[in-house]
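Numbered from 1 within each chain, the chains take letters A, B, ... in sequence-line order.
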Protein chains: 2
Amino acid sequence: MDKALLEKFKDTLHTNGMKCTPARLSIFKEIYSSSEHFDADEIYFRMRQEKKSVSRATVYRTLDLLVENGFVSKVNVGASQVHFENTLAQEHHEHLVCTQCGKVIEFRNDMIEKQQDKICKKFGFFPTKHNLIIFGLCDKCQLRDN
Amino acid sequence: MDKALLEKFKDTLHTNGMKCTPARLSIFKEIYSSSEHFDADEIYFRMRQEKKSVSRATVYRTLDLLVENGFVSKVNVGASQVHFENTLAQEHHEHLVCTQCGKVIEFRNDMIEKQQDKICKKFGFFPTKHNLIIFGLCDKCQLRDN
DNA sequence: ACTGTAATTGAAACTCATTCTCATTTAGAA
DNA sequence: TTCTAAATGAGAATGAGTTTCAATTACAGT
């Protein structure tokens, strides 16, 4: 994982008067070790397997911290748990979610972004983030006999 | 509330071999008595107040039934509970949600819809529904000194 | 109208994700 | 090194939603 990124995280901790603990560092590394979506429990279990156990509470607390500081963002994929993705390793994008097999496809569309800005202006609304998710069937699941 | 709509609901129950019970009818009426968003517990409490109590379980079960049959749809408003809105009384639309005061503004934009179709075609994806939500500050909350 | 029966209901127990509590540990400033 | 506020882990608590099961009820067939 990117060394500069880790430094940026340490910086954020420092400038916010938060302690740079082993638990926080290893959760951060775990999250940035891949660019897939994940939920809190996945991180919790991945870390136990790697013998770098932290408590669930700490995973949840650290995720909150990371979201607040823009390192990670919440993604709605229609699941019962909150899903996350790291933000700095990748560009902003939206999601197609297959309701049959769970496959997630990412996409980006500038026209849609522009229209959103237009709409916000019209309503005098100041946007901070957005979330577009399209549910349906992926190519493979369309072929399967239900 | 629209009488034809109620008939349509009764029809749906009938053709699916489900019973037309007082609980189901009053939940249906309650939901269609306004076009606001709501969650399961709101319906539950509104009905107790009106002395038309049904159990929470029945509210949840009936909501599922209504979603499956297209009378109601789930809306993601970033809340911890699932939110709903009735579908037949209003057109499809998206949401602006103020993270400060909770105000919800509805909007509709054909350009965005068209772009979504394009994207789905590109990925061979068959869309069944979508959800666009923009979080931010409404006009009034922008003026307030935090 | 009456009966039989499968669907529906309510109450309470349960699940599951997440949050909270609190006693113990620890990072890092002095 | 010492001190202290911040962070941690373990487990209890919460809250939304689901399940279970015995009792009730809609309604198809008579």
Side-chain angles (χ1 to χ4, degrees), chain A residues 6-7 9-31 37-48 50-69 72-84, chain B residues 6-7 9-31 37-48 50-69 72-84:
Chain A
L6 190 59
E7 286 313 309
F9 178 50
K10 287 183 184 170
D11 248 45
T12 303
L13 289 175
H14 196 255
T15 56
N16 286 56
M18 300 166 114
K19 289 180 180 170
C20 180
T21 64
R24 282 174 178 164
L25 291 180
S26 38
I27 292 169
F28 186 81
K29 283 176 194 160
E30 187 61 47
I31 285 170
H37 291 173
F38 59 88
D39 62 45
D41 251 37
E42 265 167 58
I43 294 296
Y44 173 71
F45 281 113
R46 269 157 58 185
M47 294 187 68
R48 316 200 95 193
E50 298 167 25
K51 309 281 179 208
K52 302 188 172 175
S53 294
V54 284
S55 70
R56 265 209 186 73
T58 299
V59 171
Y60 279 101
R61 288 187 279 231
T62 304
L63 279 169
D64 281 352
L65 178 173
L66 291 171
V67 168
E68 259 165 46
N69 290 284
V72 158
S73 65
K74 295 188 182 183
V75 230
N76 164 30
V77 211
S80 59
Q81 331 87 308
V82 176
H83 280 237
F84 301 90
Chain B
L6 189 60
E7 286 313 309
F9 177 50
K10 287 183 185 169
D11 248 44
T12 303
L13 289 176
H14 196 255
T15 56
N16 286 56
M18 300 167 113
K19 289 181 182 171
C20 179
T21 64
R24 284 174 177 163
L25 291 179
S26 38
I27 292 169
F28 185 81
K29 282 176 194 161
E30 188 60 48
I31 285 169
H37 290 173
F38 59 87
D39 61 45
D41 252 36
E42 265 167 58
I43 294 296
Y44 173 71
F45 282 112
R46 269 158 58 185
M47 294 187 67
R48 318 199 95 193
E50 299 168 25
K51 309 281 179 209
K52 301 189 172 177
S53 295
V54 284
S55 69
R56 266 206 184 75
T58 299
V59 172
Y60 280 102
R61 288 189 279 230
T62 304
L63 279 169
D64 282 351
L65 179 172
L66 291 171
V67 169
E68 260 164 44
N69 291 283
V72 157
S73 65
K74 296 188 180 184
V75 230
N76 164 29
V77 210
S80 59
Q81 331 87 309
V82 175
H83 279 238
F84 301 89

(request) Please give the angle, rounded to 10 degrees, between the axes at the start and the end of the helix from C:dA1-D:dT30 to C:dA30-D:dT1, where five pairs define each axis. (result) 30°
(message) Tell me the closest heavy-atom pair linking B:Ala40 and B:Phe84, and the distance in Å.
(response) N-CE1, 4.2 Å
(request) Considering non-hydrogen atoms only, spot the tightest contact between B:Ser53 and B:Arg48 and give its length. (result) OG-CA, 3.5 Å
Measure from [atom1] on [X] to [atom2] on [N] and round the result to the nearest Å.
| X | N | atom1 | atom2 | answer |
| --- | --- | --- | --- | --- |
| B:Gln81 | D:dG15 | CD | C1' | 9 Å |
| B:Phe45 | D:dG15 | CZ | P | 12 Å |
| B:Leu13 | C:dT9 | CG | P | 10 Å |
| B:Asp41 | D:dG15 | CG | C1' | 9 Å |
| B:Asn16 | C:dA6 | CG | C1' | 16 Å |
| A:Asp64 | C:dA17 | CG | P | 17 Å |

(message) Exactly one of A:Thr21, A:Ile27, A:Val72, A:Ile43 should register a side chain to side chain contact (heavy atoms under 4.5 Å, CB included) with A:Thr62. Which one does?
(response) A:Ile27
(message) Would the distance check show the side chain of B:Asp39 and the main-chain N or O of B:Glu42 forming a donor-acceptor pair, the cut-off being under 3.5 Å?
(response) yes
(request) Could you pick out which residue, B:Ala40 or A:Arg48, lies toward the 5' side of DNA chain D when each is mapped onto its nearest nucleotide? (result) A:Arg48
As a test of reading the structure: which of [options] is closest to the side chain of [X], going by heavy atoms?
| X | options | value |
| --- | --- | --- |
| A:Val54 | D:dG9, D:dA26, D:dT8 | D:dG9 |
| A:Lys19 | D:dA5, D:dT8, D:dA16 | D:dA5 |
| A:Arg24 | D:dA7, C:dA17, C:dT9 | D:dA7 |
| B:Tyr60 | D:dG9, D:dT18, D:dT8 | D:dT18 |

(message) Do B:Arg24 and B:Met18 have side chains that approach each other closer than 4.5 Å (heavy atoms only, starting at C-beta)?
(response) yes
(request) Decide yes or no on side-chain contact (heavy atoms from CB on, under 4.5 Å) for B:Leu63 and B:Lys74, but give the supporting numbers first. (result) CA-CA 10 Å; B:Leu63 279 169; B:Lys74 296 188 180 184; over 6 Å; no
Scan [X] against the nucleic acid and name what it touches under 4.0 Å (heavy atoms): base, sugar-phosphate only, or nothing.
| X | value |
| --- | --- |
| A:His14 | sugar-phosphate |
| B:Ala57 | base |
| A:Arg61 | base |

(request) Indicate whether OP1 or OP2 belonging to D:dA7 is found under 4.0 Å from a side-chain N or O atom of A:Thr21. (result) no
(request) Identify, between B:Ser55 and B:Gly17, the residue whose nearest nucleotide on DNA chain C lies closer to the 5' end. (result) B:Gly17
(message) In terms of relative ring orientation, are B:His83 and B:His37 parallel, tilted or perpendicular, with 30° and 60° separating the classes?
(response) perpendicular
